[in-house]
Amino acid sequence: MNYSFSELGKQLIKQIPYGKVATYGQIATYAGNPRAARQVAWILHSSSRKHNLPWHRVINSKGRISLPPHRGYEIQKKLLEQEGIIFEEDGSINLDTYLWHITDY
DNA sequence: AACCTGACTTCGG
DNA sequence: TCCGAAGCCAGGT
């Protein structure tokens, strides 16, 4: 059975454990297209609501939230902090500590 | 059916 | 550190 990139990406996002985060590129890589990071953002836009995806656990490669202020940034930060994730002074997250490894699953 | 757009990433300069 | 360009998918116009 051939699952679409979006379908796989959606499944992967659902698997991100509580208290962990994943990057767009990481999801894209696991879904089979290392260069399709942009599509991951698209998945979140189109499916996070109807499929109950833990969208707040997806951040960019720099370990920072990609949402602009007043466009969800504050909300995402709050949700992550509620899961025990600590933000650095510059607003980034220590990926060595919080990045999800597929092996954790 | 062509064209546009996204919460991105990587690479080169 | 910053900027531009290329690469990828799917849904809306």
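Per chain, numbering begins at 1; letters A, B, ... match sequence-line order. What you see below is based on every heavy atom in this structure, not just the backbone, and it leaves out hydrogens, waters and symmetry mates.
Atoms CG (A:L67) and C1' (B:dG6) sit 12 Å apart, rounded to a whole Å. Between the CD atom of A:Q39 and the P atom of C:dG12 there is a distance of 16 Å, rounded to whole Å. The nearest whole Å value for the distance from the OH atom in A:Y24 to the P atom in B:dC8 is 5 Å. Taking atom CZ of residue A:R38 and atom C1' of nucleotide C:dG7, one finds them 10 Å apart after rounding to whole Å. We find that CG of A:N33 is positioned 18 Å from P of B:dC8, with the value rounded to whole Å. Taking atom CD1 on A:I43 and atom P on C:dC8, their separation rounds to 16 Å, with Å as the unit. Between the P atom of B:dT9 and the CG atom of A:L99 lies a distance of 12 Å, rounded to the nearest Å. One interatomic measurement links the two molecules: CG of A:L95 to P of B:dT9, which rounds to 10 Å at whole-angstrom precision.
In the set C:dC8, C:dG11, B:dC8, C:dG11 carries the atom at the smallest distance from any side-chain atom of A:W42. Here the side chain of A:T23 is nearest to one of B:dG6, C:dG7, B:dT9, namely B:dT9. Closest to the A:A37 side chain, of the nucleotides C:dA10, C:dC8, B:dT9, is B:dT9. Of the candidates B:dG6, C:dA10, B:dT9, the closest approach to any side-chain atom of A:N60 belongs to B:dT9.
Atom OH of residue A:Y24 and atom CG of residue A:N60 lie 6.5 Å apart, to the nearest 0.5 angstrom.
In this structure, A:Q76 contributes its side chain and A:V58 its backbone to a donor-acceptor pair below 3.5 Å. Remark: side-chain polar atoms of A:E83 are not paired, donor with acceptor, to backbone N or O of A:L80 under 3.5 angstrom.
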A:E81/A:K77 under salt bridge (Lys or Arg N to Asp or Glu O under 4.0 Å): CA gap, chis, key distance, verdict = CA-CA 6 Å; A:E81 290 178 326; A:K77 186 173 184 230; 3.7 Å; yes
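At least one side-chain nitrogen or oxygen of A:S61 sits closer than 4.0 Å to the OP1 or OP2 atom of B:dT9. Regarding contacts with the backbone of B:dC8, a side-chain N or O of A:S66 is found under 4.0 angstrom from either OP1 or OP2.
Cluster membership for A:Y18 and A:L99, using ILVMFWY side-chain heavy atoms within less than 4.5 angstrom, is not shared.
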